[in-house]
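Every value quoted in this text rests on a predicted model; they were computed, and no experiment measured them.
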Amino acid sequence: MWVPIVEASSDVALMPPTERRGVGAVLGVVLGLALIVACLVFVLRQPAGRIDGEARMRTAFDLGTLPYELEVVNSAQMFQGEESVVLANPRAEPEPPKNPLPAKSTSTEEGETPATAKDESESPVQEKEIPRYDWSKLALGESRPPRQVALMWYPPAVGDAEIKRQFGESWSMSVRDIGEEGGLSEVESGTLVWGPYAPAFAHERLFEAGRTFRDSLRVNLSTPGQYCVMVVTWPRNSPGSKAHVDEILKALTPKSIPEATR
């Protein structure tokens, strides 16, 4: 850890003792602030600690064979105590790209000169109608296996509030209120069957500009003694499926003795 070194000049050495003490106090403050800043930089630049992802999963679940060729591709412990494990199929086909946005027309109407167009542009700005698109008519295609499964465990100090934030209220929009630029809409919410539990879930669809979409489904896998959320994500333009989630849950049998259904 680097700490700035401040050397006293010859002018300071010639000062009376009282003034030298004053300068020494200032230098002490400077050195103290430099030390604090250096410590903060050192802490903030530390990478998140690596953890054994499969071992973390076995601590929480009776782990079976994961479907869809899923395997641990990343796992870490965050600064505030959260632990994350990410599953994916490294051999999966590349994800389809976003569609390009339609080019805006710059042509003028027949008989209109560029000068006329300029004059109109200098007139008072009129409110333009926001482009609308009926996203409910978007072709969804066939559902493909999930692209990624992310598990996040929260420490008890923040777990309860985090679960309430993620499953207490919906932050999505009605599909009728989504404009051409896209937005997030809830497809379905409710509960699933997971051993003796009935975990809450929220299936959401992110509509993207260019008329593509991404599906994800969050499940509250919290049990007595742990706070856990699983997020399943599908490839672009592939609708999510609860059947896929059920297959994943079969490989993640809860270990805790049920005391209450969350």
Side-chain angles (χ1 to χ4, degrees), residues 53-54 57 60-74 84-99 133-153 163 166-178 182-223 228-254 261-262:
E54 186 169 330
M57 294 173 66
F61 315 113
D62 287 328
L63 188 61
T65 303
L66 292 167
Y68 312 118
E69 301 184 64
L70 295 171
E71 59 185 70
V72 176
V73 295
N74 194 11
S84 69
V85 176
V86 179
L87 310 171
N89 177 7
R91 296 162 294 279
E93 296 180 1
E95 187 174 22
K98 291 183 179 181
N99 291 335
Y133 174 72
D134 188 353
W135 289 97
S136 65
K137 297 180 180 180
L138 182 68
L140 300 182
E142 297 182 0
S143 182
R144 293 189 289 159
R147 181 172 185 81
Q148 178 177 284
V149 177
L151 293 156
M152 178 74 80
W153 287 268
I163 295 301
Q166 294 196 36
F167 296 92
E169 296 181 3
S170 173
W171 295 91
S172 60
M173 304 168 61
S174 168
V175 68
R176 297 180 179 179
D177 297 328
I178 297 177
L184 186 67
S185 179
E186 185 174 88
V187 177
E188 184 183 5
S189 62
T191 58
L192 299 172
V193 177
W194 185 46
Y197 297 95
F201 79 90
H203 181 182
E204 295 173 327
R205 179 164 294 146
L206 176 63
F207 294 104
E208 302 171 317
R211 301 181 187 177
T212 56
F213 69 94
R214 292 289 303 270
D215 271 22
S216 64
L217 192 147
R218 285 178 288 114
V219 189
N220 179 12
L221 296 188
S222 301
T223 56
C228 178
V229 175
M230 179 177 74
V231 180
V232 183
T233 306
W234 283 266
R236 179 172 284 112
N237 296 335
S238 173
S241 167
K242 286 191 295 183
H244 290 160
V245 179
D246 288 337
E247 289 300 312
I248 296 170
L249 291 179
K250 288 178 182 178
L252 306 176
T253 305
T261 300
R262 290 181 179 268

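Applying the salt bridge (charged side-chain N to carboxylate O under 4.0 Å, His left out) test to every pair with at least one member in residues 65-74, sequence neighbours left out, gives these pairs: Glu69-Arg91, Glu71-Arg91.
Among residues two or more places apart in sequence or in another chain, the side chain to side chain contact (heavy atoms under 4.5 Å, CB included) test is passed with Ala92 by Asn89. Here Thr212 pairs with Lys98, Asn99, Glu208, Arg236, Asn237 under the side chain to side chain contact (heavy atoms under 4.5 Å, CB included) rule; sequence neighbours left out. For Asp246, there are no side chain to side chain donor-acceptor pair (under 3.5 Å) partners, not counting sequence neighbours. Evaluation of the side chain to side chain contact (heavy atoms under 4.5 Å, CB included) rule for Ala88 yields Val73 as partners, not counting sequence neighbours. The side chain to side chain donor-acceptor pair (under 3.5 Å) search around Arg211 returns Glu180, not counting sequence neighbours. Here Phe207 pairs with Trp135 under the ring-ring contact (aromatic ring centres under 6.0 Å, His included) rule; sequence neighbours left out. Applying the side chain to side chain donor-acceptor pair (under 3.5 Å) test to Ser143 and every residue at least two apart in sequence or in another chain returns nothing. With sequence neighbours excluded, the residues that form a side chain to side chain contact (heavy atoms under 4.5 Å, CB included) with Arg218 are Gln166, Phe167, Ala202, Glu204, Val231. For Trp153, the side chain to side chain donor-acceptor pair (under 3.5 Å) criterion is met by Gln226, not counting sequence neighbours.
Taken from CD in Glu95 to OG1 in Thr233, the straight-line distance is 9.0 Å, to the nearest 0.5 Å. Considering NE2 of His203 and OG of Ser241, their distance stands at 8.5 Å, rounded to 0.5 Å. A distance of 5.5 Å separates CE in Met230 from CD1 in Ile248, rounded to the nearest 0.5 Å. In this structure, Arg147 CZ and Ser216 OG are separated by 14.5 Å, a value rounded to the nearest 0.5 Å.
Thr191 contributes no side-chain N or O that, together with a main-chain N or O of Ala200, makes up a donor-acceptor pair within less than 3.5 Å. In terms of modelled atom types and a separation under 3.5 Å, the side chain of Arg205 and the main chain of Glu186 share no donor-acceptor contact.
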Item to complete: Could you go through the side-chain contact (heavy atoms from CB on, under 4.5 Å) check for Val72 and Val86 one step at a time?
Response: CA-CA 6 Å; Val72 176; Val86 179; over 6 Å; no
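Pro145 and Tyr68 make their closest contact through CB-CD2, 3.9 Å (heavy atoms, listed as atom of the first residue, atom of the second, distance). Residues Asp215 and Ser238 approach most closely at CB-O, 3.9 Å, considering heavy atoms. Across all non-hydrogen atoms, the minimal contact from Pro239 to Gly141 is CG-O, 3.6 Å. Nearest heavy-atom pair, Val245 versus Trp234, reported as atom, atom and distance to 0.1 Å: CG2-CH2, 3.9 Å.
In summary, of the residues considered (Val219, Leu151, Thr223), a side-chain contact (heavy atoms from CB on, under 4.5 Å) with Cys228 occurs for Leu151 alone.
Side-chain contact between His244 and Leu217 is absent, with no heavy atoms from C-beta onward closer than 4.5 Å. You'll find the side chain of Pro254 reaches within 4.5 Å of the side chain of Pro196, heavy atoms only.
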